[in-house]
Protein chains: 2
Amino acid sequence: MAATGKYAKGVAKRNEILHKALEVFSREGYRGTSLREVAEAVNLSQAGLLHYFDSKEELFGEILRVRDESDRDEYAQTGSAPDALIAIMRHNMAVPGLVQLYATISAEAAEPNHPAHEFFVRRYDGLRGMFVNSVRDRQSSGTLDSSIDPEALASIMLAVADGMQVQWLINPSVDMAANIEYLWSLIEKPGAGAAG
Amino acid sequence: MAATGKYAKGVAKRNEILHKALEVFSREGYRGTSLREVAEAVNLSQAGLLHYFDSKEELFGEILRVRDESDRDEYAQTGSAPDALIAIMRHNMAVPGLVQLYATISAEAAEPNHPAHEFFVRRYDGLRGMFVNSVRDRQSSGTLDSSIDPEALASIMLAVADGMQVQWLINPSVDMAANIEYLWSLIEKPGAGAAG
DNA sequence: GTCTATAAGTCGATAGAC
DNA sequence: GTCTATCGACTTATAGAC
């Protein structure tokens with residue numbers, strides 16, 4: 001890694017780069033983004049940018065790492081997983097660029113050689129695990145039917161969230177948060193399909 | 001459009017190109033795919049390839065058009081929408097490349113200027129419409145609780161399908177079809193959460 | 001810490017021979 | 001129908017001045 005940033009100015013610039021680069025990558029995806037584009041966004045030459053990060057791949061990795069840290073800080077302890085998921089969806093409707101970053105990159109990253117592949121493998125494992133734990137808690141406390149399969153439900157809820165984001169990106173009139181909340185109400189409430 | 005293909009050889013080569021180009025685009029996405037790469041896959045020079053399609057964008061549009069036609073032929077009238085969805089998921093587990101094409105491109109295509117943007121807007125509208133109709137049918141015939149919101153449910157089921165594909169691409173041990181079938185069983189069966 | 005200059009390569013597309 | 005050759009633009013990355 002370059003420019004570990006012992007001095008205040010360097011650190012500040014590094015953060016500015018990470019912030020602006022996130023925006024550009026969000027719009028264009030990993031492959032669609034050039035270092036020049038990022039460099040211009042932070043008023044730097046392309047070579048100047050590479051003083052802070054040795055390669056495009058390293059810059060990109062740092063973006064994901066930082067982003068995930070702040071996400072975890074913000075939502076990890078927000079009560080139960082389904083509530084957190086709904087909250088995140090509602091919040092995401094204000095940051096389409098960020099949503100597109102994850103949609104674009106997670107698809108690209110299916111290739112095992114992609115620089116972000118391992119990141120996404122671990123990310124999904126982690127999220128699924130968190131959700132499974134939360135579902136089990138609810139089952140223990142009787143809030144959720146105990147016949148429900150926690151692993152399957154975790155996978156399903158994460159999938160709805162991801163898929164809903166794609167639909168919303170392509171047609172913003174879709175209400176992501178409302179739809180997910182609605183699904184959860186169908187699953188959580190005993191006798192979902194009982195009435196006429 | 002170039003090379004409308006009056007002669008047998010031209011038509012055959014055009015089809016070969018569409019077929020192979022689909023594979024390449026599936027792996028690499030629209031932006032990640034070069035015409036040279038496609039050309040090599042069909043033993044043609046890059047200029048030779050452009051004899052059949054005037055531009056990269058035109059080639060790509062044709063791929064989507066052809067693909068959607070054959071999909072529609074195969075699954076459009078397969079009983080009800082949820083059953084068709086499960087069948088498609090099961091089938092998709094045999095064609096990861098194709099799954100990745102749609103995941104990659106649908107994310108890229110969120111940009112309004114993307115050559116495939118309109119295609120995906122129409123595609124989701126069409127799929128949602130089909131699903132809504134199917135849900136209403138089931139409600140009329142009493143197979144499905146009539147208090148369920150058809151629009152929301154359609155959006156949700158399509159989202160699960162899309163999101164499940166992303167999870168599966170990144171970690172193929174996820175059983176897409178089983179999970180979707182499971183979700184549908186939770187929604188369809190009266191008293192889903194009744195037992196303890 | 002930031003620059004210019006440049007290497008070495010890829011891209012999509014066109015012109016024109018055969 | 002297919003090729004070679006080429007254009008102009010763009011890419012990541014490096015070297016070295018300041």
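Chain A is the first sequence line, chain B the second, and so forth, proteins listed ahead of strands; every chain is numbered from 1.
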Legend entry - Within residues 96-106 of chain B or reaching into it, pairs that qualify as side-chain hydrogen bond (donor to acceptor under 3.5 Å, both in side chains) - sequence neighbours excluded: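 Not a single pair qualifies under side-chain hydrogen bond (donor to acceptor under 3.5 Å, both in side chains).
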Rounded to whole angstrom units, what separation is found between the [atom1] atom of [X] and the [atom2] atom of [N]?
X     : N      : atom1 : atom2 : answer
A:F60 : D:dT12 : CZ    : C1'   : 16 Å
A:L49 : D:dT11 : CG    : P     : 13 Å
B:E40 : D:dC3  : CD    : P     : 12 Å
A:I17 : C:dG1  : CD1   : C1'   : 11 Å

Legend entry - Contact residues, residues 101-110 of chain B to DNA chain C [heavy atom, < 4.0 Å]: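 Those residues whose heavy atoms fall under 4.0 Å from DNA chain C, taken from residues 101-110 of chain B, amount to none.
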Thinking salt bridges, do [X] and [Y] make one under a 4.0 Å N-O criterion?
X      : Y      : value
A:E40  : A:R36  : no
B:D125 : B:R128 : yes
B:R138 : B:D83  : yes

Legend entry - Cation-aromatic face contact A:K56/A:Y30, 6.0 Å, 45 degrees: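 The answer is yes; both the distance and angle limits are met.
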Inset, instruction - Respond yes when some side-chain nitrogen or oxygen of A:S45 is under 4.0 Å from OP1 or OP2 of C:dC3, and no when none is. - result: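 Yes.
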Inset, instruction - Report yes if a side-chain nitrogen or oxygen of B:H51 is closer than 4.0 Å to either non-bridging phosphate oxygen (OP1 or OP2) of D:dT2; otherwise report no. - result: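 No.
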Legend entry - A:E188 and A:T143: CA distance, side-chain angles, deciding distance, side chain to side chain donor-acceptor pair (under 3.5 Å) verdict: CA-CA 8 Å; A:E188 196 178 35; A:T143 328; over 6 Å; no
Legend entry - Check against side chain to side chain donor-acceptor pair (under 3.5 Å), B:Y182 and B:D175: CA-CA 11 Å; B:Y182 180 66; B:D175 188 335; over 6 Å; no
Close N/O contacts between protein and nucleotides 7-14 of chain C (under 3.5 Å):
unit_1, atom_1, unit_2, atom_2, d
C:dC11, OP1, B:S34, OG, 2.9
C:dG12, OP1, B:T33, O, 3.4
C:dG12, OP1, B:L35, N, 3.4
C:dG12, OP1, B:K56, NZ, 3.4
C:dG12, OP2, B:L35, N, 2.9
C:dG12, N7, B:R36, NH1, 3.2
C:dG12, N7, B:Q46, NE2, 3.4
C:dA13, OP2, B:K56, N, 3.1
C:dA13, N7, B:Q46, OE1, 3.2
C:dA13, N7, B:Q46, NE2, 2.8
C:dA13, N6, B:Q46, OE1, 3.0

Inset, instruction - Compare every heavy atom of A:E57 with every heavy atom of A:P115, then report the nearest pair and how far apart it is. - result: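 Heavy atoms of A:P115 and A:E57 come nearest at CB-CG, 3.4 Å.
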